[in-house]
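Note on naming: letters A, B, ... go to the chains in the order of the sequence lines (proteins, then strands), and numbering restarts at 1 for each one.
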Amino acid sequence: MERKLIVLCGPTASGKSACAVDLCRRVGGAVVSCDSMQLYRGMDIGTAKPTEGEMRGIPHLMLDVLEPGEACSAARYRELVLPLIDQRFEQGVQPVLCGGTGLYINALTKPLGFSIKGDDALRAELEQLPRKTLHDMLAGIDPASAARLHMNDTRRVVRAIEVYKLTGKTLTEQMSLDQARPADYPARLFALSWPRERLYARIDARVDEMIGAGLVNEVKNLLNNGLSIGSTAMQAIGYKEIAQALSGAISMDEAVSLLKQATRNYAKRQLTWFTQDARVCWVSAEDRSISEITDEIINNLEGKTR
RNA sequence: GCCUCGGUAGCUCAGUUGGUAGAGCAGUAGACUGAAAAUCUACGUGUCGGUGGUUCAAGUCCGCCCCGAGGCA
């Protein structure tokens, strides 16, 4: 079979998970989660991880593959998922990538290079320096990257300097080398679209459901198991707000409204990411059943105009 | 009824000795190549509660009225 990925992306709470399951049932596929937080064990409710029941017997990969204390990255995700995807293709199973982490999707479907491993010590050292100094330093070694990156974007400025210090090649040079290679897989991207107000209302409702389903206890358990506030997993929306409430810094009501707000802000960032990606085919989800939506996606895949 | 403190952007509030107003958050738009649910950027005209007055000029001073909070009867 042709090794082409089907990708279901789009903002949080748009209905991706259920749609991915339906799609897999129709095309003989397996869901491959592409979500930077669902890969942590013990983070279920707050990440809206599909339940056993919601999976409806469809295999789901890349859920619960890391401990919450472990750090992940787009590169690490790619290393973990590549063999799994290849295995499905061998078996004649169509992988359906499903998730909202745009960078992770691009790590598989675009020729991004992740060849230069990060160096925590070097980063920590560079981060001590003033922003201006860092940006000037970058301008001296890689003017193109310096021009592209804002002085306040310390994270990326540091990364660009790091690449040069570790390899002697500028990030700009490295990126053009990477782009000469093909992406891991060709892909067809789909995203579910909603009017903004409807999406925000779905987010608010889902947060209330999460609280009802025991999100607070989930966060308590993670903290009791020694997960530190500073870890990647604790940066997840919902977890950081509830942790604040548990520490007494804010009330639980405040935490819930902050959580809703943070989720809406996140959805907006995802919308920006995916609408700027010309490959994405948007499928309206408003007032349509899952099967109508998957019909449209399948017709599109088969080259029929709906 | 009297006294005090408030009433300024969707919200929380700044506003120096009078020169027609500005922050944070929200919102909107954008960026994103080993932290990405992270990180970063841009965008701020609103009967300054209402109304009279003083003044060349009032969010700012004075009178009255309305609304809110508190106190005293």
### Task
Mind checking A:Gly46 for me? I need base, sugar-phosphate or nothing, with any heavy atom below 4.0 Å counting as a touch.
base

### Query
Under 4.0 angstrom, heavy atoms only, what part of the nucleic acid is A:Tyr104 near: base, sugar-phosphate, or nothing?
sugar-phosphate

Rounding to a whole Å, what distance do you find between [X]:[atom1] and [N]:[atom2]?
X: A:Asp153; N: B:A36; atom1: CG; atom2: P; answer: 15 Å
X: A:Tyr266; N: B:U39; atom1: OH; atom2: P; answer: 13 Å
X: A:Lys240; N: B:A35; atom1: NZ; atom2: P; answer: 16 Å
X: A:Lys260; N: B:C25; atom1: NZ; atom2: C1'; answer: 18 Å
X: A:Tyr77; N: B:A37; atom1: OH; atom2: P; answer: 12 Å
X: A:Arg269; N: B:G27; atom1: CZ; atom2: P; answer: 11 Å
X: A:Arg159; N: B:C32; atom1: CZ; atom2: C1'; answer: 14 Å
X: A:Arg78; N: B:G34; atom1: CZ; atom2: P; answer: 12 Å

Can you tell me how far [atom1] in [N] sits from the matching atom in [M], rounded to whole Å?
N: B:G44; M: B:A9; atom1: C1'; value: 7 Å
N: B:G19; M: B:C3; atom1: P; value: 30 Å
N: B:G53; M: B:C13; atom1: C1'; value: 30 Å
N: B:C48; M: B:C40; atom1: P; value: 36 Å
N: B:G15; M: B:U20; atom1: C1'; value: 14 Å
N: B:U8; M: B:G46; atom1: P; value: 16 Å
N: B:G71; M: B:C25; atom1: C1'; value: 33 Å
N: B:U12; M: B:G7; atom1: C1'; value: 14 Å

### Task
Calculate, to the nearest 0.5 Å, the distance between atoms CG and CZ belonging to A:Leu271 and A:Arg196 respectively.
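Those atoms lie 5.5 Å apart.
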
Should [X] be listed as having a side-chain N or O under 4.0 Å from OP1 or OP2 of [N]?
X: A:Asn106; N: B:C32; answer: no
X: A:Tyr239; N: B:A38; answer: no
X: A:Gln276; N: B:A31; answer: yes
X: A:Asn152; N: B:C40; answer: no
X: A:Thr272; N: B:A29; answer: no

Nearest to the [X] side chain among [options], which nucleotide is it?
X: A:Thr47; options: B:U33, B:A37, B:G34; value: B:A37
X: A:Ser36; options: B:A38, B:G27, B:A36; value: B:A36
X: A:Thr232; options: B:G34, B:A35, B:A37; value: B:A35
X: A:Lys268; options: B:C32, B:A29, B:A38; value: B:A29

### Query
Considering only heavy atoms and no angle criterion, is a donor-acceptor pair shorter than 3.5 Å present between the side chain of A:Glu127 and the base of B:A35?
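Counting by modelled atom types and ignoring angles, a donor-acceptor contact under 3.5 Å is found here.
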
### Query
Does any N or O donor sit under 3.5 Å from an N or O acceptor when you compare the side chain of A:Arg156 with the base of B:A35?
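Checked by distance alone, the answer is no.
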
### Message
Could you identify the nucleotide paired to B:G46, looking across every strand shown and requiring Watson-Crick or G-U wobble geometry with both distances under 3.5 Å?
### Response
none

### Message
A:Cys19 vs A:Ile297, test: side chain to side chain contact (heavy atoms under 4.5 Å, CB included). Steps then yes/no.
### Response
CA-CA 10 Å; A:Cys19 188; A:Ile297 292 173; 4.1 Å; yes

### Message
Need to verify one output field. Residue with the more 5' nearest nucleotide on RNA chain B, A:Gly102 or A:Arg264?
### Response
A:Arg264

### Message
Taking the nucleotide of RNA chain B with the nearest heavy atom to each, does A:Arg76 or A:Gln38 sit closer to the 5' end?
### Response
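Residue closer to the 5' terminus by nearest nucleotide: A:Arg76.
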
### Task
Take the angle between the ring planes of A:Tyr77 and A:Tyr104 and call it parallel below 30°, perpendicular above 60°, tilted in between.
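Rings of A:Tyr77 and A:Tyr104: parallel, under 30°.
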
### Query
Quick one: are A:Asp64 and A:Lys49 in side-chain contact, heavy atoms under 4.5 Å?
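Yes, side chains in contact.
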
### Query
Can you check whether A:Met151 reaches A:Val157 side chain to side chain, under 4.5 Å on heavy atoms?
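Side-chain contact under 4.5 Å: no.
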
### Task
Identify whether A:Met234 and A:Val256 are in the same connected component of the hydrophobic contact network (ILVMFWY, side-chain heavy atoms under 4.5 Å).
yes

### Task
Take A:Ile290 and A:Val21 through the side chain to side chain contact (heavy atoms under 4.5 Å, CB included) test and state the conclusion after the steps.
CA-CA 10 Å; A:Ile290 298 283; A:Val21 167; over 6 Å; no

